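Some notes on the structure that comes next.
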Amino acid sequence: MDDGDHGIAVRAWLRDIAVFAGPLPEFEPQQAPADPTTLFLSWLAQAVRDGLREPHAMTLSTVDESGDPDARVLILKGADAFGWQFAGHGFSPKGRQLTVHPRAALTFYWPEHGRQVRLRGAVAPGSPKDNAPDFLGRSTTARAESLLGRQSQYLADTAERDQALEKSLALVESEPALVDSAWTLYTLAATEVEFWQAAKSRVHTRLRYERTERGWERFQLWS
């Protein structure tokens with residue numbers, strides 16, 4: 001099989017994978033609340049009730065120093081009137097990127113429900129008072145690894161890593177209130193929030209909230 005045939009086979013294989021196979025929830029944009037946070041939390045709560053795995057996982061998309069896009073999956077830490085919260089090390093790639101370009105996008109996807117939520121907006125770091133409780137709420141190993149400050153660096157020797165982590169664990173266990181000053185709780189203040197509900201007909205329902213001087217305005221979009 002040459003490369004062209006292989007590519008055709010892969011495309012056919014991908015097209016045959018079922019999507020939106022199960023029952024999908026209803027979504028009536030006309031009945032949506034005035035605030036996108038309320039709708040988001042109701043969709044998240046339904047995902048939790050229905051037993052969807054890791055429903056609070058999301059993709060954080062940023063832009064690096066060269067203007068190239070970057071993305072990774074994180075866990076949502078909170079959502080309220082101030083915005084959507086996530087955390088990370090200030091010296092990690094995402095931390096450095098957000099320092100240079102303090103804007104980002106978040107994407108939630110619940111495939112069993114055929115639902116996506118997409119957000120864009122400015123990102124602000126929390127104060128030490130905000131950051132410390134989030135750091136101390138992490139597992140002992142996660143805190144020890146963060147204190148190493150080596151995230152995303154090249155790893156030449158796993159034995160070196162394990163030895164460094166062992167020393168850091170001992171430090172955390174001896175000083176349980178120790179906080180990594182670089183650990184940051186970020187808040188994305190959304191200016192756009194889009195809710196996407198799949199339909200088996202492929203005529204999907206999309207509702208976008210846009211923040212204006214008058215508050216949130218809602219717009220339905222073509223699918």
Side-chain angles (χ1 to χ4, degrees), residues 27 29 31-49 52 54-64 69-110 113 115-139 142-143 146 151 177 179-197 206-219 221:
F27 176 43
Q31 299 174 13
D35 189 312
T37 310
T38 302
L39 180 54
F40 170 81
L41 290 174
S42 72
W43 277 25
L44 178 59
Q46 185 172 357
V48 173
R49 286 195 305 270
L52 275 59
E54 286 119 29
H56 55 337
M58 61 187 183
T59 299
L60 166 68
S61 301
T62 53
V63 175
D64 71 11
D70 202 356
R72 74 289 288 159
V73 176
L74 300 177
I75 295 297
L76 178 69
K77 294 299 186 79
D80 54 30
F82 298 101
W84 279 252
Q85 289 88 41
F86 59 92
H89 200 282
F91 299 148
S92 67
K94 60 181 169 291
R96 296 195 304 270
Q97 291 164 9
L98 288 169
T99 297
V100 177
H101 301 292
R103 297 187 63 81
L106 300 176
T107 306
F108 295 83
Y109 180 46
W110 300 297
H113 287 170
R115 284 178 167 175
Q116 293 184 61
V117 180
R118 303 167 58 215
L119 308 94
R120 295 197 298 176
V123 177
S127 68
K129 184 179 178 181
D130 299 321
N131 302 335
D134 187 81
F135 181 79
L136 294 174
R138 292 165 61 79
S139 70
R143 282 180 280 153
S146 176
Q151 187 182 105
V179 173
D180 185 345
S181 61
W183 188 257
T184 308
L185 184 68
Y186 297 96
T187 298
L188 184 146
T191 53
E192 295 180 6
V193 185
E194 182 184 321
F195 294 83
W196 186 92
Q197 173 65 69
R206 297 172 62 190
L207 177 67
R208 178 186 290 169
Y209 290 76
E210 296 180 5
R211 190 188 292 274
T212 70
E213 294 180 355
R214 299 180 299 279
W216 289 105
E217 294 190 15
R218 293 172 293 176
F219 304 91
L221 307 176

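Quick note: numbers below take in every heavy atom, side chains included, and nothing from hydrogens, waters or symmetry partners. Everything quoted here is computed from the prediction, not taken from an experiment.
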query: How long is the span from the CZ atom in F91 to the OG atom in S181, to the nearest 0.5 Å?
result: 6.5 Å

Between CG on residue D64 and CG on residue L98, distance to nearest 0.5 Å: 11.5 Å

task: Calculate, to the nearest 0.5 Å, the distance between atoms CG and CG belonging to L188 and L119 respectively.
output: 6.5 Å

message: A side-chain contact here means heavy atoms from C-beta on lying under 4.5 Å apart; do V123 and F86 qualify?
response: yes

query: Does the side chain of S61 reach to within under 4.5 Å of the side chain of R120, using non-hydrogen atoms?
result: no

- prompt: Heavy atoms, side chains only, cut-off 4.5 Å: are Y186 and P102 in contact?
  reply: no

field: From E210 atom CD to E194 atom CD, the distance as rounded to the nearest 0.5 Å
entry: 9.5 Å

- request: Please lay out, stage by stage, how W196 and R118 fare under the test side-chain contact (heavy atoms from CB on, under 4.5 Å).
  value: CA-CA 8 Å; W196 186 92; R118 303 167 58 215; 5.9 Å; no

query: Ignoring hydrogens and geometry, is there a side-chain-to-backbone donor-acceptor pair from R143 to R138 under 3.5 Å?
result: yes

statement: dist W216:CH2 -> T191:OG1 (nearest 0.5 Å) comes out at 7.0 Å

query: Are L39 and F27 side-chain neighbours, meaning at least one heavy-atom pair lies under 4.5 Å?
result: yes

- line: Correct closest heavy-atom pair for S146 and W183 would be OG-CE3, 3.5 Å

query: Is there a side-chain contact between P29 and F195 (heavy atoms, below 4.5 Å)?
result: no

field: Minimal non-hydrogen separation, A182 against H89, with atom names
entry: CB-CE1, 3.3 Å

- prompt: Hey, mind stepping through V117 and W110 against side-chain contact (heavy atoms from CB on, under 4.5 Å) and telling me if it holds?
  reply: CA-CA 9 Å; V117 180; W110 300 297; 3.7 Å; yes

query: Shortest non-hydrogen contact from M58 to Q85?
result: CE-O, 4.2 Å

- prompt: CZ of R96 to NZ of K94: how many Å apart, nearest 0.5 Å?
  reply: 10.0 Å

statement: Looking only at heavy atoms, the pair that brings S92 and Q151 closest together is CB-OE1, 2.9 Å

Could you go through residues 72-81 and list every donor-acceptor pair under 3.5 Å that involves a side-chain atom there, pairing it with any protein atom two or more places apart or in another chain?
from, atom 1, to, atom 2, distance (Å)
R72, NH1, L60, O, 3.1
R72, NH1, T62, OG1, 3.0
R72, NH2, T62, OG1, 3.4
R72, NH2, D70, OD2, 3.3
R72, NH2, Q97, OE1, 3.3
K77, NZ, D134, OD1, 2.8
K77, NZ, D134, OD2, 3.0
D80, OD1, F82, N, 2.8
D80, OD1, G83, N, 3.3

query: With a 6.0 Å cut-off on ring centres, are F40 and W84 close enough?
result: yes

query: Between R218 (side chain) and A32 (backbone), is there a donor-acceptor pair under 3.5 Å?
result: yes

- line: Heavy-atom closest pair (G126 atom, N131 atom, distance to 0.1 Å) is O-ND2, 3.3 Å

Sub-4.5 Å side-chain heavy-atom contact between L44 and F108: no

